[in-house]
Amino acid sequence: ESCACIAEGTEDVLYVVVRRLINGAYVRYIERMKIGNRKYDDPTDAFFVDAGLSYDGTNVAATTMTATTGTDWYPGDVITLTDSSASFVIGDIGDEIVITGTDGYKYRFRIVAVPAANTATVNVDRFVPATSGIRAVATTAWAWARNTFSGLTHLEGETVNILMDGAVSPQKVVAGGSVTLDVPATVVHIGMPIIADLETLPLAAQVDLGFGQGRVKNVNKAWLRVYRSSGVWVGPDSSHLVEAKHRTVEVYGDPPELRTGDVEIMLTPSWASGGQVFIRQIDPLPLMAVSLTMEISIGG
């Protein structure tokens with residue numbers, strides 16, 4: 001209903017007054033467009049939701065975590081975590097401490113008991129090798145992974161999109177101002193879904209000295225060139241979409257990387273006069289379409 005552009009540092013930031021239907025009633029929110037929402041290299045930092053909030057459990061203090069008493073250091077082995085700030089509480093059971101090893105891998109320690117404020121009994125998600133730099137080493141390279149997030153009363157009763165550690169979480173309904181994820185996460189963005197659609201114009205191609213009008217067409221295959229994108233559905237129309245698979249060489253536990261280049265997509269066969277392609281983004285992820293190339297069959 002109203003907008004203003006405010007200078008903040010080196011950027012001009014958009015502020016808007018938005019009228020939304022929330023939990024059956026109309027409300028007005030003052031919302032701020034996220035600064036530099038495409039200035040990131042890690043999909044964990046992607047923020048593509050409306051009226052959203054973020055959580056970041058990354059340790060930025062001098063607090064250390066030390067993993068000890070592991071025998072074989074395999075999943076199921078009893079391991080003890082010692083917190084230098086003595087901040088563990090019973091309510092932490094089920095949450096995780098994620099420690100980044102000197103080998104670059106992230107190891108998730110799920111809390112199963114809290115015998116003391118500075119001690120937690122944990123299970124690790126995978127083998128912790130001696131070369132990880134984690135065994136009996138105090139480290140500040142850790143983060144809290146939580147699964148319940150409150151403070152969402154402004155979205156009460158709404159179905160929200162969730163990006164957790166760069167991966168898409170199943171949608172949740174906000175109840176009591178909070179949502180609970182299926183698994184704990186260290187960086188989470190929660191907000192109203194954004195559905196972005198793109199449809200090409202009807203195809204015009206030189207056929208028999210004409211432009212193909214009056215002939216039915218079938219787009220067999222498409223090559224969508226994208227830039228730093230993830231999550232895309234493509235089809236002949238909005239009712240026949242297929243998902244482009246992006247995961248390639250990511251290591252265990254990492255989200256799909258942002259993709260730059262051509263994405264080859266086999267479309268659902270559909271004869272129509274337009275020969276058009278429909279592209280949709282439903283996930284809280286970036287999608288920048290640069291170009292589109294199609295393989296087309298033309299009927300009589």
Side-chain angles (χ1 to χ4, degrees), residues 37-38 40-50 159-172 182-183 185 189 192-300:
N37 65 334
R38 288 191 180 274
Y40 55 82
D41 296 317
D42 190 333
T44 298
D45 299 320
F47 187 93
F48 289 90
V49 292
D50 277 342
T159 299
V160 292
N161 268 4
I162 303 169
L163 190 71
M164 41 178 280
D165 292 336
V168 178
S169 166
Q171 290 183 325
K172 302 292 182 181
D182 297 338
V183 295
H189 309 296
M192 298 286 289
I194 300 172
I195 298 178
D197 290 339
L198 181 154
E199 186 174 22
T200 61
L201 294 172
L203 177 68
Q206 186 172 351
V207 180
D208 297 337
L209 302 179
F211 292 98
Q213 280 83 355
R215 293 201 178 194
V216 292
K217 308 168 188 72
N218 184 20
V219 181
N220 305 316
K221 187 186 300 185
W223 291 267
L224 178 65
R225 181 165 296 176
V226 297
Y227 176 72
R228 299 179 67 238
S229 302
S230 184
V232 55
W233 293 76
V234 180
D237 53 56
S238 60
S239 300
H240 302 87
L241 300 177
V242 294
E243 184 179 11
K245 304 301 182 183
H246 279 201
R247 182 174 289 278
T248 54
V249 296
E250 294 86 347
V251 299
Y252 169 79
D254 284 356
E257 295 179 354
L258 298 179
R259 180 83 172 267
T260 296
D262 292 335
V263 179
E264 181 177 334
I265 304 165
M266 298 296 295
L267 275 69
T268 304
S270 177
W271 288 94
S273 61
Q276 294 165 271
V277 172
F278 192 97
I279 302 171
R280 171 168 287 174
Q281 170 64 287
I282 61 174
D283 292 327
L285 291 168
L287 172 56
M288 184 181 294
V290 179
S291 67
L292 179 68
T293 304
M294 300 178 290
E295 178 184 282
I296 303 167
S297 298
I298 299 179

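Throughout, residue positions are numbered sequentially from 1 according to the sequence presented.
In this structure, CD on E243 lies 13.5 Å from CZ on R280, to the nearest 0.5 angstrom. Going from atom NE2 of H189 over to atom CG of D165 covers 9.0 Å, rounded to the nearest 0.5 Å. The CG atom of D237 sits 9.5 Å away from atom CD of Q276, with the distance rounded to the nearest 0.5 Å. Rounded to the nearest 0.5 angstrom, R259 CZ and Y227 OH are separated by 15.0 Å. In this structure, CG in L198 is found 8.5 Å from CG in L292, a value given to the nearest 0.5 Å. Put simply, CG on D283 and CH2 on W233 are 8.0 Å apart, with the number rounded to the nearest 0.5 Å.
Here E264 pairs with K221 under the salt bridge (charged side-chain N to carboxylate O under 4.0 Å, His left out) rule; sequence neighbours left out. With sequence neighbours left out, the side chain to side chain donor-acceptor pair (under 3.5 Å) criterion links S297 to N220. When the salt bridge (charged side-chain N to carboxylate O under 4.0 Å, His left out) test is applied to E295, no partner is found at least two apart in sequence or on another chain.
Listed here is the closest heavy atom pair of S230 and L285: O-CB, 3.2 Å. A pairwise comparison of heavy atoms in V242 and M266 identifies CG2-O, 3.5 Å as the closest pair. Shown here for G275 and K217, the closest heavy-atom pair between the two residues is CA-CB, 4.0 Å. Considering all non-hydrogen atoms of both residues, Q281 and G231 come closest at NE2-O, 2.8 Å. Between P43 and L163, the shortest heavy-atom contact is O-CD2, 3.5 Å.
With P170 as the fixed residue, the side-chain contact (heavy atoms from CB on, under 4.5 Å) test singles out one of N161, I162, D182: D182.
A 4.5 Å side-chain heavy-atom check between P286 and L258 finds at least one atom pair inside the cut-off. No side-chain heavy atom of I194 sits under 4.5 Å from any side-chain heavy atom of P284.
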| request: Test V232 against V226 for side chain to side chain contact (heavy atoms under 4.5 Å, CB included), laying out the working first. | output: CA-CA 10 Å; V232 55; V226 297; 5.7 Å; no

